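One-based numbering, in listed order, for ligands and for the atoms of each. Sequential numbering from 1 along the given sequence is applied to the chain's residues. Because only heavy atoms are used, hydrogens play no part in the values below, and waters and symmetry mates are left out as well, while side chains stay in. Predicted model, so just to flag it, every value in this text is computed and none were measured.
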Amino acid sequence: MYALVDGNNFYVSCERVFRPSLNGRPVIVLSNNDGCAISRSNEAKALGIKMGAPWFQIQREFPDAGVVALSANFGLYGDMSNRMMSVAAGLGPFQEIYSIDESFIDVTGIPHATELAQRVRDRILRWTGIPCGIGIGQTKTLAKLANHVAKTAERKPGSYPSRFAKVANLGDLPVDEFEAVLAATDLGDIWGIGRRIGEQLRADGLKTALDVAQMEPATARRRWSVTVEKTVRELRGFPCIEFEDLPPAKKEIASTRSFGRPVTELSDLIEAVTEFASRAAEKLRKQNGKVPQVLTFVHTSPFRTQDKQYSCSITVPLRRPTADTGLIVQAAVLGMRQIFKPGLNMAKAGVHLLDIQDGGIEQQELDLDESEIDRGGLMTSMDSLNRKYGKGTITMASAGNSGLQRTWVMRQELRTPDYTTCWDSLAVARA
Ligand SMILES: [Mg+2]
């Protein structure tokens, strides 16, 4: 039996914790460079603002609706996520963090799971300020569906029985009630059914989650895929999707960004890739990996049709797999020097660490270069200083020191302070 705990309108909810004046208003959070809506309050949803809608279009379509737009503040969301996850963990012995605002919890054998889930939901709201929905079911797909029921029953009264609002447990329902819930759920709301498969199922006359659950698994496999077959079995209560309480180590780590304005100078691009490579190296050390090669890329904006277009990437191999920021930055900067072309308006650059290996596997070779020193201790100190005193306390010199004045940083004109991760931004109750 699984529970899925999922924060409502998560980014918007994080912002509202520190600015209660945003309650009751249509609020959206914008993607990097203030491009499009990536989180919407219920009021914004009710207005008809779509997920992914560009901000300029929203302004044009809803000039008088009082829509409040905010730049994404991922530092804040990450920290609020940790808080929410640690409280949610009280629901059962095993937790799989599935995304920034969702975690599955194994609640097998836990007595009175529904009541416990209600208490945990209240506790999350009281201790972190984040409202969430909890769904419980025999499989991950059913827990997801139950979560959809919990949220929809709260947001749209009448859609499902009101007792399912906020916390819905499909695991202990009599068959007829369980089937009624599936019949009231559109097949497009099933986890794992994408738009394309959804259209094909509809073309076949299916409409609801119940229709999908009643399909023969063998038919699902023959006509669609093993994935659809698994979904059918999961809807019938047979677990096919594993519970992963340890996330698999990543084979590739990317750190890329669109610039706030066009960048033309090599020196700015070197600063940018230094920072990207440093971030990626830090993540690499967190998963105890080592990388044998580093890809660097840069390109112009395909939307600036008046500009001359250019796009190039290069892979620089390292002498031996490493997790050393200095060596990884060196490779990324070398790559950037190779692919840079002067006189162009660059719009985006990035660094990918490729073919990441487990750091425990050490490749044996003769020590040819006596001068190469082990800087593992230095890296550990650097990481702990940056953790303790804030990102960027210790950086490579080539990252530059002009901070937010750098020409390549993102446009984030509507950003709120780092309420929970920066002393200077702490809210003051009385000055
Ligand atoms: Mg959510």
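Closest to the Mg ion (ligand 1) among the N, O or S atoms of Asp101 is OD2. Distances from the Mg ion (ligand 1) to each N, O or S atom of Asp6 single out OD1 as the nearest.
Of the options Val273, Val351, Val329, Ile328, a side chain to side chain contact (heavy atoms under 4.5 Å, CB included) to Ser278 is made by Val329 and by none of the others.
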Exercise. Just do the side-chain hydrogen bond (donor to acceptor under 3.5 Å, both in side chains) check on Glu15 and Asn73 with the steps written out, would you?
Key: CA-CA 9 Å; Glu15 299 284 355; Asn73 185 345; 4.9 Å; no
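Relative ring orientation between Phe297 and His352 is described as tilted, the plane-to-plane angle lying within the 30° to 60° band. Ring planes of Phe10 and Tyr77: perpendicular class, angle over 60° (limits at 30 and 60°).
At a cut-off of 2.8 Å, Phe10 does not coordinate the Mg ion (ligand 1) through any N, O or S atom.
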